[in-house]
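Data block below; observations after.
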There are 2 protein chains.
Amino acid sequence: MTSPSWESLPDRLRARGLRWTPQRRVLVDVLSSTRGHVTGSELVERCRAVDPATIPSTVYRTLDVLEDLGVVRHGHGPDGREEFHVLPEAEHGHLHCESCGTSWDLSLDDARTLVRSLRARRGFVVDLSHVTIVGRCAGCVDPTPP
Amino acid sequence: MTSPSWESLPDRLRARGLRWTPQRRVLVDVLSSTRGHVTGSELVERCRAVDPATIPSTVYRTLDVLEDLGVVRHGHGPDGREEFHVLPEAEHGHLHCESCGTSWDLSLDDARTLVRSLRARRGFVVDLSHVTIVGRCAGCVDPTPP
DNA sequence: CATGCTGTTGCAACTGGTCGCAATAAGGGG
DNA sequence: CCCCTTATTGCGACCAGTTGCAACAGCATG
Ligand SMILES: [Mn+2]
Ligand SMILES: [Mn+2]
Ligand SMILES: [Zn+2]
Ligand SMILES: [Zn+2]
């Protein structure tokens, strides 16, 4: 399933004086068949599977361009590594248990109190998709042995 | 000013079967004269200033050990790089404007609503010192030209 | 003070990503 | 269809760490 935003990408780029290249087409093809989260290096791998001549810096630079266009958003995992969200998708952050390693999505609803209070108290607008909250999940905090 | 926790460190290590080495002493000396935040590579540099033979992996491994002991905590800047908090210090996270690049501390008080709602709704205990919230600050969201 | 167990170091290779620069090639205008 | 401007690529060096391994050295013990 190809969403309309992928089809119009070449023109959206050209309208900004940017260019549509074979290397960008490879990455966009990979992204358009990706759902959920991907790390940068996973994207490099998948591009290399399509075109073995893929150069990492080209992929990362294209990801920057695509993020400017709003086509992807990046965040960072608990180790600081980049994670990309492919749009359109509900904006969300991540919750990560540093004890068992499990991750959960943090919906706008879950984060509402944070987003609201920062906006109210400081006028600060949170970029939720960039957020990863680390801590300990219920199961790891309270290991109930029956 | 050397806090008591620095002086007792050698013994705290030995009590755990760990060792007090010249390399660790250099790092601990550097840490004890550091206030606020430092990145990992800054610490490597400062250690190298004391002992030019400093090896990065040794510093990072020692930082891991010190974090287990609760002497430092790490978080990640907006770019994913490590940032260390030297204790004792009030636990806090960070707020970073991706537009102007300014950072602010995010106190437990500022984050209270988030911490509480995650604990209430999911039993999740937030490690605030690991959190960096990225977004746009009041000045960048609303550029009021007089 | 000598011995030995094992935690720690130094080193080198590797991962994920960034950067500067010269060569290449989109793609708009003539 | 050719030209020219300039965005983009490929490449190599570099930054921030991480990891496996063999050599080394704390330190507890006798
Ligand atoms: Mn981390
Ligand atoms: Mn980021
Ligand atoms: Zn857990
Ligand atoms: Zn700002």
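Lettering of chains follows the sequences in order, A, B, ..., and the numbering in each one begins at 1.
Summary of the strand contacts: A:Gly17 and B:Ser41 both lie near DNA chain D, and taking for each the nucleotide with the nearest heavy atom, the more 5' one is attributed to A:Gly17.
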Task: Intermediate values then yes/no, side-chain hydrogen bond (donor to acceptor under 3.5 Å, both in side chains), A:Thr34 and A:Arg46 - done: CA-CA 10 Å; A:Thr34 294; A:Arg46 295 188 197 176; 3.2 Å; yes
- [ ] Check step by step if side chain to side chain contact (heavy atoms under 4.5 Å, CB included) holds for B:Leu13 and B:Leu69.
- [x] CA-CA 8 Å; B:Leu13 286 166; B:Leu69 292 183; 3.6 Å; yes
Open item on the list: One pair to check against side-chain hydrogen bond (donor to acceptor under 3.5 Å, both in side chains): B:Thr132 and B:His96. What are the steps and the verdict?
Closed with: CA-CA 7 Å; B:Thr132 295; B:His96 178 92; over 6 Å; no
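Counting non-hydrogen atoms of neighbouring residues, nucleotides and ligands closer than 6.0 angstrom, the CZ atom of A:Arg116 reaches no more than 12 such neighbours. Within 6.0 Å of atom CZ in A:Arg48, more than 12 heavy atoms from other residues, nucleotides or ligands are found, so the atom counts as buried in its surroundings. Other residues, nucleotides and ligands place more than 12 heavy atoms under 6.0 Å from the CZ atom of A:Arg14.
Membership of the apolar cluster around A:Val125 extends to B:Val141, as traced through chained side-chain contacts below 4.5 Å between ILVMFWY residues. Taking a 4.5 Å side-chain heavy-atom cut-off between Ile, Leu, Val, Met, Phe, Trp and Tyr, the cluster of B:Ile55 contains only that residue.
Atom CZ in B:Arg46 sits about 14 Å away from atom P in D:dA16, given to the nearest Å. In this structure, the CG atom of A:Leu27 is 13 Å from the P atom of C:dG17, given to the nearest Å. When rounded to the nearest whole Å, the span between CG of A:Asp79 and C1' of C:dG17 equals 13 Å. In this structure, B:Glu42 atom CD and D:dG17 atom C1' are separated by 15 Å, rounded to whole Å. Rounded to whole Å, atom C1' of D:dC15 lies 14 Å from atom CD of B:Glu82. When the P atom of C:dC19 is taken as reference, atom CD1 of A:Ile55 falls 18 Å away, rounded to whole Å. Rounded to a whole Å, the CD atom of B:Glu83 is 13 Å from the C1' atom of D:dA16. Between B:Arg81 atom CZ and D:dC15 atom C1' there is a gap of 7 Å when expressed in whole angstrom units.
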Show me the protein contacts with nucleotides 25-30 of chain D, counting only N or O atoms at under 3.5 Å.
unit_1 : atom_1 : unit_2  : atom_2 : d
D:dG26 : N2     : B:Arg19 : NH2    : 2.8
D:dG26 : N3     : B:Arg19 : NH1    : 3.3
D:dC27 : OP1    : B:Arg14 : NH1    : 3.0
D:dC27 : OP1    : B:Trp20 : N      : 2.8
D:dC27 : OP2    : B:Arg14 : NH1    : 3.1

With the criterion being N/O to N/O and under 3.5 Å, what pairs connect the protein with nucleotides 20-22 of chain C, and how long is each?
unit_1 : atom_1 : unit_2  : atom_2 : d
C:dG20 : O6     : A:Arg61 : NH1    : 3.1

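Classification of B:Arg122 and A:Asp110 as a salt-bridged pair holds, one side-chain N sitting under 4.0 Å from a carboxylate O. Using a 4.0 Å cut-off between charged nitrogen and carboxylate oxygen, B:Arg73 and B:Asp127 count as a salt-bridge pair. At a threshold of 4.0 Å, the pair A:Arg61-A:Asp64 does not count as salt-bridged, since none of the basic side-chain nitrogens sits closer than that to a carboxylate oxygen.
Between the side chains of A:Glu83 and A:His74, no donor-acceptor pair is found at a separation under 3.5 Å. When only modelled atom types and interatomic distance are considered, B:His76 and B:Glu82 share no side-chain donor-acceptor pair under 3.5 Å.
Taking a 4.0 Å limit (strictly below) on heavy-atom distances, residues 92-99 of chain B does not reach DNA chain C anywhere. Residues from residues 62-78 of chain B placing a heavy atom under 4.0 Å of any atom in DNA chain C do not occur.
For A:Arg24 and D:dT8, the shortest distance from a side-chain N or O to OP1 or OP2 is below 4.0 Å. The side chain of B:Gln23 contributes an N or O atom lying less than 4.0 Å from OP1 or OP2 of C:dG10. Using a 4.0 Å cut-off, no side-chain N or O of A:Tyr60 falls inside it from OP1 or OP2 of C:dT18.
Under the 30°/60° scheme for interplanar angles, the aromatic rings of A:His37 and A:His94 are found to stand perpendicular.
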